[in-house]
Number of protein chains: 2
Amino acid sequence: MVFFMSKAGDTRLMILQKAFDLVYKHGFQATSIDDIIATTQVTKGAFFYHFKNKEEMGLAMINELMYPGMIKVLVEPLLAAQDPAKEVYLMMHNVLLKQPMFNVKYGCPAVNLIEEMAPLNQQFNQALGKLFNEWQNAISQVIKQGKISGTIKDSVDEKQVAYFVMAGYSGIRNMGKMLGTACYKTYLAELKKYLNQL
Amino acid sequence: MVFFMSKAGDTRLMILQKAFDLVYKHGFQATSIDDIIATTQVTKGAFFYHFKNKEEMGLAMINELMYPGMIKVLVEPLLAAQDPAKEVYLMMHNVLLKQPMFNVKYGCPAVNLIEEMAPLNQQFNQALGKLFNEWQNAISQVIKQGKISGTIKDSVDEKQVAYFVMAGYSGIRNMGKMLGTACYKTYLAELKKYLNQL
DNA sequence: TGCAAAACATACCAAATGGTATTTTTTATG
DNA sequence: CATAAAAAATACCATTTGGTATGTTTTGCA
């Protein structure tokens with residue numbers, strides 16, 4: 001019954017949310033357990049009651065917070081897409097400019113974690129890879145539908161396009177840390193051109 | 001005279017090179033000074049004789065090693081470009097697949113540092129921003145020349161293209177950490193299509 | 001109401017961290 | 001060769017780190 005607002009479930013969730021905030025801003029390794037318990041007002045005993053160690057907490061944070069949150073923003077908007085170029089663009093426009101939780105200075109939490117942890121930890125790699133894989137499938141699917149319905153050229157390779165779009169997203173999140181939101185807009189303008197030409 | 005193989009200059013350079021290796025693989029914050037002196041066989045006294053602190057060492061590493069190294073690979077090949085689409089593609093193909101110092105698992109050292117340090121440290125941000133700015137200028141310049149010589153359409157916005165290409169690079173470096181070199185090739189195939197259509 | 005298990009609190013610890021203070025060795029130069 | 005400055009080595013330190021051991025309190029339920 002942990003998931004229906006039991007007191008203990010609340011504590012666990014609060015730890016994950018505060019940890020997410022800190023990790024988003026400072027990175028996973030640079031966020032100490034002491035930092036987390038300081039901002040949550042939860043004691044170390046409580047922390048280690050809910051999580052075996054820091055790594056397990058990080059994985060829970062990915063699987064229980066980041067994964068569903070990102071799927072909602074990146075994948076779900078594409079599922080009922082009619083005009084592929086338009087829908088892919090809107091999804092990107094939305095995630096870059098309309099997500100109040102995200103700050104251009106700190107980039108994308110998922111991209112950040114991949115950058116930091118994928119080479120260091122197999123389990124982080126897998127958990128984050130699953131998310132990106134679902135995103136890739138969703139984009140590929142939309143493009144494929146576009147080919148069928150005739151709005152996308154037959155010569156287009158949907159998997160290549162998906163990779164290209166995803167790389168653009170990760171990369172502009174990186175550049176945004178240096179250049180601010182202005183570069184998001186420059187990127188989006190070219191993305192629109194690119195998609196319309198497919 | 002520090003720069004012409006004086007003994008002290010050698011020590012300093014060796015510290016920077018070993019630090020670069022470690023930072024590339026583990027990140028800046030996760031690389032301790034003890035790690036660096038352990039792999040260099042240099043003592044802590046020597047380290048702090050050459051660098052005021054860890055931050056200054058990191059900046060020296062960027063300015064004296066990474067910056068010139070990256071300029072050589074990213075910018076210089078573009079300076080004498082004839083066919084823009086071809087030359088931009090070749091530059092990218094080369095940096096992604098032909099640089100023996102880089103490992104797909106660990107991505108690009110410059111991109112990694114931006115991701116980790118740009119939000120946390122103004123000076124790192126500036127030093128790395130300078131590098132990306134020069135890259136952007138070089139790409140824009142090539143595209144602009146292509147418009148003049150007629151190989152690139154007039155409707156193309158060279159700055160937008162530069163941002164798009166750079167974002168793609170940063171992003172595929174990120175994805176490569178999860179997916180390996182295969183995704184580099186997928187990305188490059190679509191990049192070629194994109195450039196040829198400009 | 002009693003009581004075991006769940007949830008949380010407190011106090012502690014060894015190792016690692018960035019950095020300093022001090023001493024020794026090496027080097028260039030008069 | 002003498003010597004001062006540069007370069008490097010040694011020993012130390014306060015703080016932070018992830019984690020444990022051992023309590024105490026709260027909760028569900030027979």
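If you're wondering where the values come from, they're calculated on a predicted model, not measured in any experiment. The sequence lines fix the lettering, A, B, ..., with proteins before strands; numbering per chain opens at 1.
Dashed line: the shortest gap from a side-chain N or O of B:His50 to OP1 or OP2 of D:dA6 is not under 4.0 Å. Considering only side-chain N and O atoms, A:Thr11 lies nowhere under 4.0 angstrom from the phosphate OP1 or OP2 of C:dA7.
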Compile the donor-acceptor pairs under 3.5 Å between side chains in residues 86-101 of chain A and protein atoms, sequence neighbours left out, one pair per line.
none

If you restrict it to nitrogen or oxygen atoms, what contacts under 3.5 Å exist between nucleotides 18-21 of chain C and the protein, and what is each distance?
unit_1, atom_1, unit_2, atom_2, d
C:dG18, OP1, B:Lys54, NZ, 3.0
C:dG18, OP2, B:Ile33, N, 2.8
C:dG18, N7, B:Lys44, NZ, 3.3
C:dG19, OP2, B:Lys54, N, 3.1
C:dG19, N7, B:Lys44, NZ, 3.4
C:dG19, O6, B:Lys44, NZ, 3.1

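D:dT16 atom P lies 16 Å from atom CD1 of A:Ile36, rounded to whole Å. Atom CG in A:Leu13 sits roughly 16 Å away from atom C1' in C:dA7 (whole-Å rounding). When the P atom of D:dT17 is taken as reference, atom CD1 of A:Ile37 falls 10 Å away, rounded to whole Å. Computed from coordinates, the A:Asp35 CG to D:dG18 C1' distance equals 12 Å when rounded to whole Å. Rounded to an integer number of Å, the gap from A:Phe51 CZ to C:dA6 C1' is 16 Å. A:Phe47 places its CZ atom 22 Å from the P atom of C:dC12, with the value rounded to the nearest Å. The interatomic distance linking A:Tyr49 (OH) with D:dT25 (C1') rounds to 13 Å, in whole Å.
For B:Phe124 and B:Phe28, the gap between ring centers is short of 6.0 Å.
No hydrogens or angles considered: a donor-acceptor pair under 3.5 Å links the side chains of B:Lys177 and B:Asn112. Judged purely by distance below 3.5 Å, without hydrogens or angles, the side chains of A:Gln160 and B:Tyr194 never pair a donor atom with an acceptor atom. Residues A:Tyr67 and A:Glu134 bring a donor and an acceptor atom of their side chains to less than 3.5 Å of each other.
Classification of A:Asp35 and A:Lys18 as a salt-bridged pair fails, no side-chain N sitting under 4.0 Å from a carboxylate O.
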